[in-house]
Amino acid sequence: QKEVEQNSGPLSVPEGAIASLNCTYSDRGSQSFFWYRQYSGKSPELIMFIYSNGDKEDGRFTAQLNKASQYVSLLIRDSQPSDSATYLCAVTSGTDKLIFGTGTRLQVFP
Amino acid sequence: KAGVTQTPRYLIKTRGQQVTLSCSPISGHRSVSWYQQTPGQGLQFLFEYFSETQRNKGNFPGRFSGRQFSNSRSEMNVSTLELGDSALYLCASSLGQGNGKLFFGSGTQLSVL
């Protein structure tokens, strides 16, 4: 079992829709959870982080965490073509390593 | 404020050679992490350095090594290169150890022929 799992996609959504990206992790000792966005040919950039169960909102982005289910998600409201990228879920392991999932490719079509 | 700088941007080597990659973190950042990125495996953690000490290590063979200098700059070395080492090597800096808020450099694209 991979430490951090994501569906590779692509996830295709129309412009204006809500994109829902999901991630599960295996280490119950994980404390910190991150979402990075990576455009094609570019490096990852941090867009959201969450430490506690529940929702955290920042603009059009909402991160959701459920530690009991070992599940993290990212919602993107009012999706735009410029949101088309690969979204990487990352989890801090019990030894403080930041472990990345393989990413979900999101395509937003006009 | 300058971002994370990685040099060189591209490298072509042959099997058996060794290579050294360099990373200069954002000013004030004391932690430097290295990742290998390939299409099939995604981002794989190599190691993290903080205050010149390796604090964490991933599951890579001993051919992969690194170090950090007193100015927080870091180098990564791969000896006895294999074809499978062809990848994008990304360096990321952060303020503290184990801080998941990473700032990535542009990476070094290594091709092993």
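Letters A, B, ... are given to chains in the order of the sequence lines, protein chains preceding strands, and every chain is numbered from 1.
A heavy-atom distance below 4.5 Å is not found between the side chains of A/Glu3 and A/Asp27. Put simply, the side chain of B/Phe64 reaches to within 4.5 Å of the side chain of B/Tyr89, judged on heavy atoms. Contact check for B/Leu90 versus B/Gln6: side-chain heavy atoms found under the 4.5 Å cut-off. Considering only heavy atoms from C-beta on, B/Thr53 comes within 4.5 Å of B/Arg55 through its side chain. In this structure the side chain of B/Leu95 reaches within 4.5 angstrom of the side chain of B/His29, judged on heavy atoms. Using a 4.5 Å cut-off on side-chain heavy atoms (C-beta onward), B/Val19 and B/Thr108 make no contact. In this structure, B/Lys101 and B/Ser94 have side chains that are not in contact, with every pair of non-hydrogen atoms separated by 4.5 Å or more.
For the residue pair A/Phe109 and A/Ser12, the shortest heavy atom distance occurs at CE2-C, 4.0 Å. The two residues B/Cys23 and B/Val4 come nearest to each other via the heavy atoms SG-CG1, 3.7 Å.
Proximity to chain A (any heavy atom under 4.5 Å) is shown, for B/Gln44, by neither the backbone nor the side chain. Both the backbone and the side chain of B/Leu102 come within less than 4.5 Å of a heavy atom of chain A. Of the atoms belonging to B/Tyr35, it is side-chain heavy atoms, and not backbone ones, that fall under 4.5 Å from chain A.
Contact residues of residues 54-83 of chain A toward chain B are absent (heavy-atom distance under 4.5 Å). Listed in order of number, the residues of residues 33-49 of chain A that approach chain B to under 4.5 Å between heavy atoms are A/Phe34, A/Tyr36, A/Gln38, A/Ser43, A/Pro44, A/Leu46, A/Phe49.
With B/Gln41 contributing its side chain and B/Thr38 its backbone, the two residues share no donor-acceptor pair below 3.5 Å.
Across B/Gly107, B/Gly98, B/Ser33, B/Gly42, the residue that shares the most heavy-atom pairs under 4.5 angstrom with chain A is B/Gly98.
No more than 12 heavy-atom neighbours from other residues, nucleotides or ligands sit within 6.0 angstrom of CG on B/Asn59.
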